[in-house]
Amino acid sequence: MADSAGQWQEYIRDVPDFPKPGIVFKDITPLLANGEAFAATIAEMAALVGSDVDAIVGIESRGFIFGAALAQKLGLGLITVRKPGKLPADVHSIEYELEYGFDRLEIHRDALSAGHRVVIVDDLLATGGTAAATVKLVGQLGATVDACLFLIELDFLEGHKALSGTRVESLLHY
Ligand SMILES: O=P(O)(O)OC[C@H]1O[C@H](OP(=O)(O)OP(=O)(O)O)[C@H](O)[C@@H]1O
Ligand SMILES: Nc1ncnc2[nH]cnc12
């Protein structure tokens, strides 16, 4: 979507060798800092969410930014999937592999239940480990994943393969 400040895609900046040599980091902070560009991304994401969706699931931490804005735009609630030790009540927990390491994610056991239909939101799909772990966590609660929605997908890492069987939508492919 165009806006007076330019295309929102222009506000994503490449930072080479962050956080490790060989990684080209897609920095979304210039986009977030531009109100029109940020709003344009949320409008595009909102158009991809069906009317039968009950909640947005946001993945810590950059997924919270897009997930929260999207949930507000759609009048839906936000369920948070967090790094370990952050959620205070009973959790389901799962380990997963990153493009550059390992990590663990958690969800409150009472956050969702059978019959709920959700869209999982994150800023970026790389290897797919984070999103696939989140799909599993949501499934452990009995809820259904309508789609995984990303601002950016790094096609060369083939993260969609980790999400086979789930609808994957990304606004921007590199
Ligand atoms: O597809 P994958 O290979 O799993 O990688 C994608 C994930 O990596 C980044 O998060 P990161 O773990 O760096 O956390 P942050 O959002 O807190 O910076 C990004 O925001 C995704 O969540
Ligand atoms: N290349 C990358 N840029 C930004 N966030 C990431 N998360 C995983 N890989 C990433």
Side-chain angles (χ1 to χ4, degrees), residues 7-34 37-38 41-42 44-45 48-49 55-72 78-88 91-108 111-112 118-141 143 145-174:
Q7 299 280 330
W8 61 257
Q9 293 87 341
E10 295 168 12
Y11 292 87
I12 296 168
R13 153 173 84 183
D14 280 0
V15 180
D17 300 320
F18 181 90
K20 291 182 177 178
I23 302 290
V24 178
F25 195 85
K26 296 293 182 186
D27 180 15
I28 58 165
T29 61
L31 184 148
L32 298 176
N34 183 286
F38 187 21
T41 64
I42 298 304
E44 285 194 30
M45 284 185 167
L48 294 167
V49 179
I56 301 298
V57 173
I59 304 175
E60 187 169 1
S61 60
R62 283 170 274 155
F64 289 176
I65 299 167
F66 292 94
L70 181 62
Q72 280 286 292
L78 177 72
I79 308 299
T80 57
V81 166
R82 298 211 62 179
K83 306 280 167 74
K86 297 288 187 181
L87 290 172
V91 294
H92 273 298
S93 182
I94 193 165
E95 192 177 64
Y96 68 102
E97 191 170 0
L98 282 176
E99 185 187 0
Y100 39 76
F102 285 87
D103 216 333
R104 180 169 284 273
L105 285 176
E106 296 180 343
I107 193 169
H108 271 148
L112 293 167
V118 305
V119 166
I120 294 169
V121 175
D122 207 347
D123 68 319
L124 182 137
L125 177 62
T127 65
T130 308
T134 302
V135 169
K136 284 185 191 146
L137 283 175
V138 167
Q140 284 173 5
L141 299 178
V145 176
D146 178 67
C148 288
L149 183 48
F150 304 94
L151 180 71
I152 300 165
E153 181 170 346
L154 303 182
D155 289 339
F156 68 100
L157 291 172
E158 300 187 319
H160 64 275
K161 287 187 178 171
L163 296 171
S164 61
T166 302
R167 179 165 75 97
V168 177
E169 303 278 2
S170 304
L171 301 191
L172 184 57
H173 292 258
Y174 287 103

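First listed ligand is number 1; within each ligand, the first listed atom is number 1.
When atom types are taken as modelled, the side chain of Ser170 and the backbone of Leu172 share no donor-acceptor pair closer than 3.5 angstrom. For Asp17 (side chain) and Gly22 (main-chain N/O), a donor-acceptor pair under 3.5 Å exists by modelled atom type.
Smallest separation of non-hydrogen atoms from Pro30 and Tyr11: CB-O, 3.2 Å.
For a threshold of 3.5 Å applied to N or O pairs, the pair formed by Ala126 and ligand 1 contains at least one separation below that value. In terms of N/O distances under 3.5 Å, ligand 1 is approached by Gly128. Taking only nitrogen or oxygen atoms, main chain and side chain alike, Val24 reaches within less than 3.5 Å of ligand 2. When only interatomic distances are considered, the shortest N/O to N/O separation between Asp123 and ligand 2 does not fall below 3.5 Å.
Within ligand 1, the atoms closer than 4.0 Å to a non-hydrogen atom of Thr130 are 2 (P), 4 (O), 5 (O), 6 (C), 7 (C), 22 (O), numbered from 1 in the order shown. Taking every non-hydrogen atom of Leu124 and a distance limit under 4.0 Å, the qualifying atoms of ligand 1 come out as 6 (C), 21 (C). Close approach of ligand 1 to Lys83 is summarised as follows: ligand atoms under 4.0 Å from at least one heavy atom of the residue are 12 (O), 14 (O), 15 (P), 17 (O). The ligand atoms of ligand 1 that sit less than 4.0 angstrom from a heavy atom of Arg62 are 9 (C), 10 (O), 11 (P), 13 (O), 15 (P), 16 (O), 18 (O), 19 (C), 20 (O). Interface of Leu124 with ligand 2, defined as ligand atoms under 4.0 Å from a residue heavy atom, comprises 3 (N), 4 (C), 5 (N), 6 (C), 7 (N), 8 (C), 9 (N), 10 (C). Ligand 2 places these atoms under 4.0 Å from at least one heavy atom of Leu154: 1 (N). Listed by atom number, the atoms of ligand 2 under 4.0 Å from Arg62 heavy atoms are 4 (C), 5 (N).
A salt bridge between Arg167 and Glu169 is present, with a side-chain N of the basic residue lying under 4.0 Å from a carboxylate O of the acidic one.
For an aromatic pair to be called close, the ring centres must be under 6.0 Å apart, and Phe38 with Phe66 satisfies this.
In this structure Ser61 satisfies the side-chain contact (heavy atoms from CB on, under 4.5 Å) test with no other residue, sequence neighbours excluded.
Proximity of Leu105 to Tyr96: side-chain heavy atoms (C-beta onward) are separated by under 4.5 Å at one or more points.
The OH atom of Tyr174 sits 6.5 Å away from atom CG of Asp14, with the distance rounded to the nearest 0.5 Å.
Using a 4.0 Å cutoff on heavy atoms, Asp122 counts as a contact of ligand 1.
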Identify all side-chain donor-acceptor contacts of residues 130-139 below 3.5 Å with residues at least two apart in sequence or on another chain.
from	atom 1	to	atom 2	distance (Å)
Thr134	OG1	Thr130	O	2.9

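Of the heavy atoms in Thr127, both backbone and side-chain atoms come closer than 4.0 Å to ligand 1.
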